[in-house]
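Remarks on the structure that follows.
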There are 2 protein chains.
Amino acid sequence: MVGIRAQQKEKTRRQLIDAALGQLSSERSFSSLSLREVAKEAGLAPTSFYRHFSDMDELGLTLVDEAGLTLRQLMRQARQRIEKGGSVIQISVQTFMEFIESNGNIFRLLLRERSGTSAAFRAAVNREISFFTLELCDYLQQANKLDAEVAYLQANAAVTIVFSAGSDALDADKKEREQLAYRTIQQLRFIARGAMELALRKESNKSLPSS
Amino acid sequence: MVGIRAQQKEKTRRQLIDAALGQLSSERSFSSLSLREVAKEAGLAPTSFYRHFSDMDELGLTLVDEAGLTLRQLMRQARQRIEKGGSVIQISVQTFMEFIESNGNIFRLLLRERSGTSAAFRAAVNREISFFTLELCDYLQQANKLDAEVAYLQANAAVTIVFSAGSDALDADKKEREQLAYRTIQQLRFIARGAMELALRKESNKSLPSS
DNA sequence: TAAAATAGCGTACACATGTACACCTAAATT
DNA sequence: AATTTAGGTGTACATGTGTACGCTATTTTA
């Protein structure tokens, strides 16, 4: 039995979260939201906010978690598409761009708080991105039989490139986004190719350490 | 003749700029500064602020310009070092890391406002970064005889990677920064190598379009 | 069924903010 | 020398903020 009370509480907690997410936009960052605004949007008295979060910071960290969740759903979705065949890089970029289009504000939250003024926020965002990176790293190691270090470097670089493109996509129109996607794909190919070549060289250096 | 008045005005204008820059830190962003705080730090009455800037936004854009200037000085410095010989990538990364170390707050300003809530700020920052990228692009085209498009893609990717590493460096200690620099160098090599390989392939496709 | 716990409300307060306005003083212009 | 211009000041006000405190109503617990 969940208790009618706990149920209600969870519901208004969600209202607060959704209210905050709903107020995010290209000209409104989380840090510019006030406790009162969020409470009002959620249909609550300002002081009721405290029944759910001790702080706006606590709400913010919850939002970052939420965003991380969305990011992981994204990965799952990309993997599913990849299994059906096609260029891994192309499908990944396309999937990511679709994500940006429909989850712009969540992505903005991550981008902004990653360089924000709260060390806790920065750490939380980096944690989520690092999950993302490590998953990609595993994939690369398995699919391309890459050395662990090289795979990590490639994954890290790829995520950086894709996130940066996502950031640019936020301010771009449809046509620009297509160009952006195309360029991003090229850049990811540079990285993949370079990683492969240099990994091979590393490999041969191992067997011929004197060369 | 400059006029003792114009001279004084320029001086207190600088005081405002320096006051703002001086208040920036890892836990204080430009957007979190208030007009009153900046005026106070500059030793001015709040209302005197308006004699120099109509807005905090106007001050902010001035700071971004200032930051862009610093960025260009950085490039010049890197070029000088490169002329004296050594690995281009290694020297560039090292120079950039030194820049971060002594100009952390200026770099933070760029990072933050790039994803900030003001379209004007975002545009201004992107303009500065794009200068940076185009300079690198020219260099790559000239030094490596690269195709214009490939050179741009490589320059863009490289700048993205380096800025991202810079962002990470801001929260890192000395040892982590060294590792970060090492990894960044590897990643830039991936990109350079990949760009070269794929540019060659593109070249051969031109002469043998049927293959 | 009585008592305790708790989500939500309204009031209230101290504080910081941007900026309008009138004023002063010294440099610049005439 | 007389007048205008303009950087700087202090006062004042409306507005928004976080949050302490006491209250109510309803669910939960004993």
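Throughout, protein chains are lettered first and strands after them, A, B, ... in sequence-line order, and every chain is numbered starting at 1.
Separating the CZ atom of B:F49 from the P atom of C:dT17 is a distance of 13 Å, rounded to the nearest angstrom. Rounding to whole angstrom units, CZ of residue A:R13 and P of C:dA7 are separated by 12 Å. Spacing between atom CD of A:Q7 and atom P of C:dT6 amounts to 18 Å, rounded to whole angstrom units. Between the CD atom of B:E41 and the P atom of C:dT17 there is a distance of 13 Å, given to the nearest Å. Summarising the geometry, the separation between CG on B:L44 and C1' on D:dG7 is reported as 9 Å, rounded to the nearest angstrom. Between A:F53 atom CZ and C:dA7 atom P the separation is 13 Å, expressed in whole Å. Here C:dA26 presents its P atom at 16 Å from NZ of B:K11, a figure rounded to the nearest Å. Rounding to whole angstrom units, CD of residue A:Q15 and P of C:dA7 are separated by 15 Å.
Checked by atom type and distance alone, the side chain of B:N144 never pairs as donor or acceptor with a backbone atom of B:L146 at under 3.5 Å.
One finds the CD atom of B:E113 at 7.5 Å from the OG atom of B:S118 (value rounded to the nearest 0.5 Å).
Across all non-hydrogen atoms, the minimal contact from A:A20 to A:L63 is CB-CD1, 3.9 Å. B:C137 and B:A148 get closest at one heavy-atom pair: SG-O, 4.4 Å. Closest non-hydrogen pair, B:G166 versus B:F107, comes out as C-CE2, 3.4 Å.
Checked by distance alone, A:R5 brings a side-chain donor or acceptor within 3.5 Å of a matching partner on the base of D:dT26.
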> Would B:R28 and B:E37 satisfy salt bridge (charged side-chain N to carboxylate O under 4.0 Å, His left out), going step by step from the backbone distance to the final call?
Replying inline: CA-CA 12 Å; B:R28 211 79 166 72; B:E37 279 176 308; 2.3 Å; yes
> Under the side-chain contact (heavy atoms from CB on, under 4.5 Å) criterion, do B:H52 and B:K9 qualify, and how do the steps go?
Replying inline: CA-CA 8 Å; B:H52 303 272; B:K9 180 163 187 180; 3.7 Å; yes
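Of the candidate nucleotides C:dC9, D:dT28, C:dG8, D:dT28 has the atom nearest to the side chain of A:I4.
Sequence order on DNA chain C of the closest nucleotides to B:R51 and A:H52 puts A:H52 first from the 5' end.
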>> Each nucleotide in nucleotides 13-21 of chain D should get exactly one letter: B, S or -. Can you fill that in based on protein heavy atoms under 4.0 Å?
In response: ----BBBBB
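B:L44 places none of its side-chain heavy atoms less than 4.5 Å from the side chain of B:F49.
In this structure, the helix from C:dT1-D:dA30 to C:dT30-D:dA1 shows an angle of 20° between the axis at its start and the axis at its end, each fitted on 5 base pairs and rounded to 10°.
Salt-bridge annotation for A:E197 and A:R193: present, with a side-chain N of the basic residue lying under 4.0 Å from a carboxylate O of the acidic one.
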